[in-house]
Structures are given as C-alpha cells and as structure tokens.
Amino acid sequence: MPELMLEAPLRRARPKRPVPVPARPVVDRAFCAAIARRTVRSLYAELTLYPKPGLVSLVDNGSHDDMTAATFMRSLFALRHYFRDITRAGMEDAPFTTLKRLGIAAEARMLAATGGINTHRGAVFCLGLLCAAIGSCRARGTPLTAASVRATLLLRWAEGLAAHTQVTSGDSHGLRAAQRYAASGAREEAALGLPSVFEVALPALRRTLAAGRGTRRARIDALFALMGHISDTNLYHRGGEEGALTVQRHARAFVDAGGTGADGWEARALACHHAFVAARLSPGGAADLLAAACLVQDVCPGD
Ligand SMILES: CC(C)(COP(=O)(O)OP(=O)(O)OC[C@H]1O[C@@H](n2cnc3c(N)ncnc32)[C@H](O)[C@@H]1O)[C@@H](O)C(=O)NCCC(=O)NCCS
Ligand SMILES: Nc1ncnc2c1ncn2[C@@H]1O[C@H](COP(=O)(O)OP(=O)(O)OP(=O)(O)O)[C@@H](O)[C@H]1O
C-alpha cells in the first residue's frame with residue numbers, strides 16, 4: 001500500500017549509543033492519520049452504497065426524515081480527528097476508560113455537527129474500537145490480519161467491554177430495547193469481539209470478491225448477511241419485535257436466493273428497500289457493522 005505506507009518500518013532516530021527501551025510504545029503519527037483516512041473512507045463507502053434497505057444513501061433518505069447524506073457528510077468531517085486519536089490511544093496501550101472518554105467527546109462533536117441528530121453513534125463505538133485495536137497491533141509489531149485485530153481487541157479491552165454491557169443507567173434507545181426485548185445490540189457485539197464483523201460480514205464480503213462480482217456487490221451481500229443475522233436495537237426501537245423479525249426474514253430470503261449472484265438481485269434488493277421505507281424500518285446497526293467490515297478488509301486485505 002504505497003500511498004499510506006502501512007507496511008513501512010517505524011521511523012526512529014538512529015541512536016549513537018545504546019538507549020533504554022522506551023516505557024511507552026513509539027507512536028507513528030503517519031500511521032494514525034492513514035488509519036483515520038481509511039476509517040472515514042469505509043464510512044463513506046457505506047453511505048454511498050445503494051440499494052441499502054431503509055438506510056440513508058446519496059439516492060434517498062430511506063426511512064429517515066431527520067437526516068440526509070449531507071448530514072452524514074458533516075458528521076464524518078467532524079469525526080476524522082477522533083479516529084486518528086483513538087488509533088493513537090491504541091498504540092499507547094490506553095485503558096478502556098481513555099477510549100470511552102474519546103468516544104464520548106466524539107459523540108458530542110457529531111451531535112454539534114448535525115444539530116443533535118444521531119448519524120454515527122454506533123460507528124463511533126464500533127469503528128473506534130477497531131482503530132484502537134489496529135493501533136495496538138502496529139505498536140507491538142503484530143502483523144495486521146483480521147484475526148490479530150480481533151484477538152487484540154479482546155485481549156486488551158475485554159474487561160472494559162464486558163463491564164460496558166452491564167451499564168443499565170442512561171436512557172438510550174439501545175438500552176430500552178435491551179430491557180424490553182432482551183435484544184443484545186452494540187455493547188454485547190463489541191464485548192464478544194465483533195463476531196458479526198469477523199464471522200459474518202467479512203466472509204460474505206470476501207466470498208463475493210473471490211467470485212469476481214466486485215466491490216459493490218460484495219458490500220450488498222455483506223449488508224444482507226448482517227441484516228439476517230444481528231440483533232439490531234435500532235429495529236427494535238422503531239418497529240418492535242415484529243420489525244426486527246421482518247428485516248431478518250427479508251434479508252435471509254435475499255441471501256437464500258443467492259444474494260447478488262442470482263439474476264434479478266437488484267430488483268429484489270430495491271423491493272426490500274421500499275418495504276422497509278413503508279414500515280419506517282432502518283437497520284442502522286447492520287450499516288455500522290458493514291462499515292467496520294470494509295475497514296478490516298481495507299487494512300487487512302490479504303489474510
Ligand atoms: C454502546 C453505544 C454504541 C451505545 O449503545 P446503546 O445501545 O446504549 O445506544 P443507542 O441505541 O443510542 O446506539 C446504538 C447504536 O449501535 C448500533 N447498533 C444497534 N444494534 C447493533 C448491533 N447488534 N451491533 C452493532 N451495532 C448496533 C446502532 O446503529 C446505534 O447507532 C455507545 O455509544 C455508548 O457506549 N454510549 C454511551 C456513552 C459512552 O460510553 N460512549 C463511549 C463508549 S467507548
Ligand atoms: N446510512 C445510514 N442510514 C441510517 N442509519 C445509519 C446509516 N449508517 C449508520 N447508521 C446508524 O443508525 C443510527 C441512526 O439510526 P436512528 O436514526 O434510527 O437512531 P436514533 O436516533 O437512535 O432513533 P430515531 O431517529 O428513530 O429516534 C446511527 O447512529 C448509525 O449508527
């Protein structure tokens with residue numbers, strides 16, 4: 001990857017005599033900036049994908065009347081420094097409380113940029129954690145593979161992430177869905193090391209790429225695989241249990257029919273989009289996890 005020098009060796013001044021090993025890992029600023037650019041690019045890839053059932057894209061606002069693609073762009077611009085800083089925190093072996101502080105500040109910047117609209121709350125959490133894990137791999141000299149990024153996330157922050165699933169104070173839509181429907185949501189997904197990213201979306205993405213159907217279809221297949229699999233608190237919040245089941249049913253039917261490998265896939269995906277818009281359903285959790293899988297595929301393309 002010549003443009004971003006991900007594989008470039010760490011740049012250190014050559015010492016004239018032996019120096020003590022530094023107490024903190026060396027931070028490679030260019031690497032942090034490169035990961036931030038790639039993260040923003042992954043979120044942009046999700047935004048521009050179409051058809052994307054019920055979700056905001058450049059073509060329409062899906063099931064939303066409070067936001068457009070422009071709202072997402074403003075939010076993305078406001079988040080670019082956060083992804084750099086949380087990659088750096090991962091490189092510095094920061095505790096979960098530091099990641100949390102950065103995440104809370106980023107959420108505040110997002111809300112200021114969008115006039116109070118939640119465009120990227122799930123993404124701040126999930127892609128922020130991935131950036132930290134990627135930074136930690138880099139600082140330790142661990143080769144960047146999907147498996148090493150996931151293992152690092154779990155080894156380094158499992159305790160903090162597990163404790164985060166126990167938080168019941170606060171009044172988010174996700175917490176309410178968890179209490180009312182026993183839906184798992186973003187916190188549990190993260191505590192388990194993002195299984196939907198590494199075991200569902202990434203394999204779907206790679207299968208379609210290996211079949212030669214290209215990036216757009218690979219992302220569509222990954223999105224439908226996610227919608228058929230996850231427990232998305234956005235859906236419980238907007239449509240209750242029936243809404244969540246409706247999305248799973250549609251998504252699984254699309255996957256079972258052969259996904260983007262089958263004739264007529266685009267018409268089927270569009271029909272699904274129109275059905276979700278009519279029911280005001282928006283699978284935002286799947287959208288976040290798709291962007292996360294795009295980031296992992298971009299940073300670790302070869303394994
Ligand atoms: C864990 C987060 C995402 C909040 O989740 P919660 O379920 O409480 O709230 P909310 O409904 O507002 O947001 C959930 C977000 O997750 C996404 N999501 C929903 N279901 C899922 C799922 N199964 N998997 C992944 N993401 C999902 C949605 O798109 C949504 O944007 C995070 O924002 C958070 O912890 N907020 C509290 C403040 C904080 O501590 N922030 C920093 C954390 S490092
Ligand atoms: N392209 C997208 N379109 C819509 N939502 C998305 C998209 N990409 C990601 N999301 C996720 O969906 C969440 C927004 O969903 P939604 O607006 O339903 O949530 P809310 O603000 O909690 O609820 P509501 O607007 O129903 O009161 C974002 O936080 C984001 O994580």
Side-chain angles (χ1 to χ4, degrees), residues 39 79 82-83 85-90 92-111 118-137 146-201 226-227 229-241 243-245 247-248 282-293 295-296:
T39 306
L79 290 175
Y82 159 69
F83 292 121
D85 294 346
I86 198 161
T87 305
R88 181 182 177 141
E92 291 175 336
D93 209 21
F96 185 71
T97 47
T98 303
L99 307 189
K100 192 168 166 174
R101 182 176 48 73
L102 291 170
I104 290 170
E107 270 185 35
R109 279 200 296 277
M110 169 194 84
L111 293 173
N118 167 19
T119 40
H120 284 120
R121 192 156 193 232
V124 163
F125 182 60
C126 168
L127 281 89
L129 287 170
L130 281 173
C131 287
I134 291 166
S136 176
C137 282
S148 68
V149 171
R150 186 178 186 193
T152 302
L153 177 64
L154 283 171
L155 283 171
R156 186 61 197 86
W157 294 291
E159 221 172 283
L161 288 169
H164 204 53
T165 64
Q166 302 305 313
V167 176
T168 47
S169 59
D171 188 28
S172 70
H173 295 148
L175 286 173
R176 266 186 270 160
Q179 277 153 16
R180 183 152 177 210
Y181 304 103
S184 46
R187 294 165 196 258
E188 189 168 318
E189 177 67 32
L192 296 173
L194 306 174
S196 305
V197 173
F198 292 100
E199 295 170 26
V200 176
L226 284 166
M227 290 192 301
H229 176 81
I230 70 166
S231 158
D232 188 333
T233 53
N234 278 42
L235 295 171
Y236 283 96
H237 158 64
R238 281 169 166 255
E241 198 152 24
L245 287 175
V247 168
Q248 283 204 343
S282 171
D288 296 332
L289 296 169
L290 171 66
L295 174 64
V296 175

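Numbers for residues simply follow the sequence, beginning at 1.
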Could you tell me whether the side chain of [X] and the main chain of [Y] form a donor-acceptor pair under 3.5 Å?
{"X": "Ser231", "Y": "Ser184", "answer": "yes"}
{"X": "Arg156", "Y": "Asp93", "answer": "yes"}
{"X": "Thr87", "Y": "Phe83", "answer": "yes"}
{"X": "Glu107", "Y": "Val124", "answer": "no"}

State, to 0.1 Å, how close [X] and [Y] come at their nearest heavy-atom pair, and which atoms those are.
{"X": "Arg121", "Y": "Ser172", "answer": "NH1-CB, 3.6 Å"}
{"X": "Phe125", "Y": "Ala190", "answer": "CE2-CB, 3.5 Å"}
{"X": "Ala191", "Y": "Thr165", "answer": "CB-CG2, 3.7 Å"}
{"X": "Gly185", "Y": "Thr233", "answer": "CA-CG2, 3.7 Å"}
{"X": "Ala89", "Y": "Leu99", "answer": "CB-CD2, 3.9 Å"}
{"X": "Ser196", "Y": "Leu226", "answer": "O-CD2, 3.5 Å"}

Heavy-atom side-chain proximity of [X] to [Y] below 4.5 angstrom:
{"X": "Leu127", "Y": "Leu79", "answer": "no"}
{"X": "Asp232", "Y": "Val247", "answer": "no"}
{"X": "His173", "Y": "Asn118", "answer": "no"}

(request) Kindly determine whether Thr97 and Arg101 satisfy side chain to side chain contact (heavy atoms under 4.5 Å, CB included), including the steps that lead there. (result) CA-CA 6 Å; Thr97 47; Arg101 182 176 48 73; over 6 Å; no

(request) In sequence, state the C-alpha distance, the side-chain angles, and the governing distance for Val197 and Arg150, and then conclude on side chain to side chain contact (heavy atoms under 4.5 Å, CB included). (result) CA-CA 10 Å; Val197 173; Arg150 186 178 186 193; over 6 Å; no

(message) Is there a side chain to side chain contact (heavy atoms under 4.5 Å, CB included) between Val167 and Arg187? Walk through the geometry before answering.
(response) CA-CA 9 Å; Val167 176; Arg187 294 165 196 258; 3.8 Å; yes

(request) Evaluate whether atom CD of Glu199 has more than 12 neighbouring non-hydrogen atoms of other residues, nucleotides or ligands under 6.0 angstrom away. (result) yes

(request) Mind telling me whether Tyr236 and Tyr181 have parallel, tilted or perpendicular rings, with 30° and 60° as the class edges? (result) tilted

(request) Step through it carefully: locate the ring centre of His120, locate the ring centre of Tyr82, and say whether they are under 6.0 Å apart. (result) no

